[in-house]
Amino acid sequence: MATTAPTLPKEATGRPAGPRTRARRPGDELAGYLFLSPWILGILLLTLGPMVTSLYLSFTDYSLFTAPEWVGLDNYRRMFDDARWLKSVQVTAIYVAVAVPVKLAAALAVALLLNNKRKGQGFYRAAFYGPSLIGASVSLAIVWKALFTDDAVVDRALRAVGIHTGGWAGNPDFSLLMLVLLGAWQLGAPMVIFLAGLKQVPVELHEAAHVDGAGRWRRFRSITLPMISPVVFFNLLLETINAFQVFTSAYIVGGPNGSPAGTTLFYTIYLYDRGFSDFRMGYASAMAWMLLLGVGLITLFLFRTARGWVYYSGDKR
Amino acid sequence: MKLSTVAWHAGVIAVLVVVLYPIVWVVAATFKPSADIIGNLSLLPTEPTTGNYERAVEGMAGISIGRFFWNSTVLAVLSVVGTVASSALAGYAFARLRFRGRGAMFALMISTLLLPFHVLIIPQYAVFQKLDLIDTYVPLLLGKFLAAEAFFVFLMVQFMRTIPHELDESAKIDGAGHWGTFWHIILPLARPALITTAIFTFIWSWNDFFGPLIYLSTPDKYPLPLALQLFVDEASGSDFGALMAMSVLALVPVVLFFLFFQRFLVEGVSTSGLKG
Amino acid sequence: MGVMKRFTTVLAAASLLFAVAACGGDDEAESGPVTLRYSWWGNADRAALMQKAIDLFQTKNPDIKITPSFQEFEAYWQKMATDTAGGNAPDVLQMDFAYLREYADRGVLYDLKKQQGSLGLDDLLEGLKGAGEVDGGQYGVPVGGNTWGYVYSPAAYAKAGVPEPKLGWTWNDYRSAMEKITRSTGGKMYGGGNYIGTYYNLEVQLRQEGKLLYTEDGKLGFDKPRLAKFFTEGKQLADADIVLPVDKGVQIKPKFALELDLIAGELGWDNFMARYAAATKTELKLGPVPSDNPAQLGQYLKPAMLLSVSARSKHPEQSAKLIDFMINDPEVGAIFGANRGLPATNAQRAAVQLEGPLATVAAYEESIKGQLEKAPPAPPKGAGTIEQAFIRISEELQYGRIGVDQAVDQFFTEAAETLES
């Protein structure tokens with residue numbers, strides 16, 4: 001099969017890389033719908049209906065067991081007077097701002113470390129992925145708390161270097177940090193995606209740059225990073241979206257009340273509590289759509305900026 | 001061995017000690033008496049016991065532990081098949097084909113990621129209730145075969161967009177249709193994304209608690225996560241020992257699955273492989 | 001073209017997989033035995049006992065088949081809410097006292113008064129009669145009952161030189177006992193946890209004053225100054241370092257301090273005695289609740305769990321029969337022992353052979369039998385939410401993040417918002 005060796009354009013990081021329009025080829029149209037048909041069926045059958053329903057419910061008073069009653073914008077208005085809602089927005093925003101960069105940086109660092117062919121690579125990857133295999137179960141809650149109680153390993157390690165905080169597990173000032181660390185510890189997903197992205201960087205590019213005398217950092221900055229930018233973008237976007245919706249890990253550690261002292265009352269925990277414990281699904285739905293609006297704006301912003309730094313070698317230019 | 005290699009290994013192992021400590025803790029805890037697990041600060045069990053494992057493999061309510069493993073395996077394997085196939089198809093369409101409404105549909109797909117699933121549960125449940133599919137595996141799998149997990153579709157898109165266009169151009173010249181291009185050019189080159197999708201789907205399905213909780217009610221259809229929670233009981237006290245022992249046993253298949261599939265990530269694919 | 005053909009193949013393969021996955025759907029026969037879906041919360045132990053009871057029921061009633069389903073408590077309620085909202089609630093379901101009105105008021109439960117022929121309630125313990133009623137309808141039937149009590153370590157009391165609690169001790173006695181124990185161990189063991197963390201301690205205090213937690217018409221049965229008094233007691237205990245600091249309690253969750261020998265005693269439901277006793281090697285006893293009013297312990301037999309029938313059930317009569325069997329049959333009583341709380345009917349109580357901590361619980365309930373009052377009406381809708389708010393606000397108070405006045409205001413605001421709708 002004849003192929004052209006891919007070359008890295010000079011303006012790799014500078015060119016906008018959003019979806020590009022070009023002349024449609026005959027047959028593209030039909031093939032597009034055919035390839036997309038399972039997805040279209042799924043969205044029509046499973047996703048769109050429930051989404052629209054939840055949007056409708058957000059304008060109603062809906063107690064799960066009785067018919068919803070139209071209340072207009074009441075649910076939305078009420079949010080801004082709801083101290084716990086405001087609190088949950090604050091907790092979640094702080095978490096996203098801290099947890100996402102920490103987790104992504106750690107995942108990228110580990111992926112780079114494990115990208116080269118070396119002995120024992122499979123073992124190391126499994127080991128770093130290990131924490132993510134556990135999932136968010138009761139076992140995870142138990143071990144995570146056990147690490148951070150008074151006199152447990154973290155407390156002892158910190159004291160050894162002269163930091164006296166006591167156990168974090170019962171301390172409201174540290175509960176959020178504990179969950180940030182838990183998120184970073186389970187870095188398997190972005191790590192594997194980074195690794196997969198690194199695998200797609202053509203070896204020739206590195207070799208060529210090596211011959212040109214580019215140093216390690218130069219090669220990372222001007223070859224690796226642009227080449228994996230679609231994957232960096234993917235991880236950034238998805239981790240941000242997921243962090244806004246963090247639920248299971250927070251729920252098993254802090255419970256429905258965001259213990260201790262409401263410091264882990266994340267947005268979706270409050271939403272869940274409202275919907276399923278208070279039987280106020282109308283309000284919960286309004287909360288969900290408010291979140292969609294907020295995160296949607298952030299997503300849009302990220303897609304906009306992506307044009308400036310994400311490089312797709314497969315897009316026609 | 002080169003000094004740099006030794007240093008590399010030493011560095012990685014140092015980081016790993018920290019990363020793996022909690023896992024070692026979990027495994028060690030499974031050999032402690034159940035009452036000792038919370039509150040006892042020593043890492044290693046003072047009076048080691050295998051009692052937790054004995055209780056874990058006993059099964060529950062007349063259902064053997066093998067049954068729960070089997071159920072989880074069926075769900076996970078079918079999820080992998082469905083998700084990989086349907087996401088690859090959808091990813092190809094979004095990444096490589098031009099058709100009317102593509103932008104709008106792409107935006108719609110991304111927006112499905114943004115809505116917390118808690119508010120979708122009840123309407124979705126109603127759909128499956130109407131179709132009389134509650135207490136079957138269909139609600140847990142149908143979405144997998146219909147690319148309902150935007151995460152994976154988007155992942156495929158991101159990978160497929162990096163594959164140089166010259167490759168499918170030349171395939172077209174050779175007379176390949178869309179299916180041929182997809183099958184012979186794109187899929188092999190997107191293998192890291194396929195493997196990644198397979199790994200994640202397996203693990204996430206294996207650990208999924210919420211879906212099976214909502215859609216299944218007959219205990220002998222339960223997968224492992226639902227069985228695990230039956231060791232928890234507020235009033236009589238939870239059997240954390242057996243629970244953690246069973247969690248550790250449940251980890252074995254996922255670890256094996258991961259170890260098996262990650263090799264394909266090591267080998268990797270580079271476009272140069274197609275040369276000649 | 002090729003594309004079409006490939007797609008047909010893929011779709012065919014997918015549908016085949018579905019056929020495999022979907023098999024084992026419901027096999028309800030048109031005629032013949034009636035199938036009842038029966039859901040409860042509980043662990044594997046309860047499931048095993050339940051299976052025995054169900055087998056027995058099916059032997060005695062060959063025309064009724066039971067399909068069981070069970071989850072852990074929290075998961076159970078999540079599932080029950082979804083099933084019920086989706087119009088797919090099981091025929092017979094285990095009900096919690098706190099949720100009874102929540103479900104009954106919204107018309108999803110069946111009024112069992114209509115099935116008096118199949119369901120005998122005459123043998124219920126005196127204190128539990130009428131316990132499942134909501135506004136005149138019988139929407140739940142109690143299966144077991146328990147009451148408030150004080151679980152403590154006699155050794156800890158002896159070591160500190162404090163006499164063991166006995167009927168007639170007051171809240172002041174309780175507080176000073178805790179103080180003496182905490183001081184005598186130098187903080188190694190605390191006299192107790194902070195009792196303001198538990199909503200039912202407020203209820204018991206109110207009842208001792210002749211008041212209720214919720215009035216008959218579903219309003220809060222206390223005012224702000226009363227709650228402020230309660231919170232102040234706890235705040236003082238915390239500030240004086242008499243009770244277990246809140247962060248220590250949070251760290252060990254989901255365990256209780258008593259299970260780890262961190263405290264000398266704790267007020268709570270008496271059936272927890274069994275759980276505590278299984279977890280610690282320390283010998284534990286069950287004593288009376290303190291009261292400032294010697295004539296009034298403020299206690300009642302609370303339905304530990306109830307059984308309800310869903311309004312959509314096509315087989316209310318058979319469902320009622322199953323409930324009747326579950327609460328009245330002595331053999332069922334013998335099977336479960338105290339797994340569902342101490343049985344709610346005299347016949348089942350007589351059939352239960354109790355030993356160890358459970359015998360202690362039974363003896364305790366016997367000793368205060370004369371003082372037990374009728375259970376209050378089922379708590380209003382939102383009671384569960386209000387209790388959670390109470391726990392959270394009390395926790396914030398104990399952490400010193402808010403003061404007593406702020407805690408009281410916050411609680412009343414949230415409670416009003418919950419009860420108003």
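Every chain is numbered from 1 and lettered A, B, ... according to where its sequence line falls, protein lines coming before strand lines. All heavy atoms count here, side chains included; hydrogens, waters and symmetry mates do not.
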Closest-packed option against chain C by number of heavy-atom pairs under 4.5 Å, given [options]:
| options | value |
| --- | --- |
| A:G170, A:G167, A:G255 | A:G170 |
| A:P172, A:A169, A:A152 | A:P172 |
| A:D150, A:L265, A:L64, A:I142 | A:D150 |

Side chain proximity check, C:D247 to A:P260, heavy atoms < 4.5 angstrom: no

Hey, does C:Q78 have a side-chain heavy atom less than 4.5 Å from the side chain of A:Y272? yes

Given the rule in the side chain to side chain contact (heavy atoms under 4.5 Å, CB included) test, do C:R106 and A:S63 qualify, once you have shown the distances and angles that lead to the verdict? CA-CA 9 Å; C:R106 296 194 170 110; A:S63 73; 3.2 Å; yes

Measuring heavy-atom distances to chain A, does [X] have an atom under 4.5 Å in its side chain, in its backbone, in both, or in neither?
| X | result |
| --- | --- |
| C:E414 | side chain |
| C:K248 | side chain |
| C:R392 | both |

Just verifying a value: how many Å separate A:S277 OG and C:E74 CD, rounded to the nearest 0.5 Å?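 Here the interatomic distance stands at 8.0 Å.
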
Distance from C:T84 atom OG1 to A:F279 atom CZ, nearest 0.5 Å? 8.5 Å

For each of C:V108, C:T385, C:V246, tally heavy-atom pairs with chain A at distances under 4.5 Å, and name the one with the top tally.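 Most heavy-atom pairs within the cutoff with chain A belong to C:T385.
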
Is the CG atom of A:D151 crowded by more than 12 outside heavy atoms at less than 6.0 Å? yes

Can you confirm whether more than 12 heavy atoms, excluding those of C:K219, are under 6.0 Å from its NZ atom?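 Counting other residues, nucleotides and ligands, NZ of C:K219 stays at 12 neighbours or fewer.
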
Distance-minimising heavy-atom pair for A:F65 and C:A81: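 For A:F65 versus C:A81, the nearest heavy atoms are CE2-O, 3.6 Å.
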
How close do C:T82 and A:F276 get, heavy atom to heavy atom, and via which atoms?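 For C:T82 and A:F276, the tightest heavy-atom pair comes out as OG1-CE2, 3.6 Å.
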
Run the numbers on C:R401 and A:T263 for side chain to side chain contact (heavy atoms under 4.5 Å, CB included), then give the verdict. CA-CA 11 Å; C:R401 296 214 146 196; A:T263 49; 3.6 Å; yes

Assess whether side chain to side chain donor-acceptor pair (under 3.5 Å) is satisfied between C:E395 and A:S259, documenting all intermediate values. CA-CA 8 Å; C:E395 192 177 280; A:S259 180; 3.1 Å; yes

For A:D82, is it the side chain, the backbone, both, or neither that has a heavy atom closer than 4.5 Å to a heavy atom of chain C?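 When you check distances to chain C, no heavy atom of A:D82 falls under 4.5 Å.
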
Apply salt bridge (charged side-chain N to carboxylate O under 4.0 Å, His left out) to the pair A:R84 and C:E396, showing each step before the final yes or no. CA-CA 13 Å; A:R84 294 186 72 207; C:E396 286 187 48; over 6 Å; no

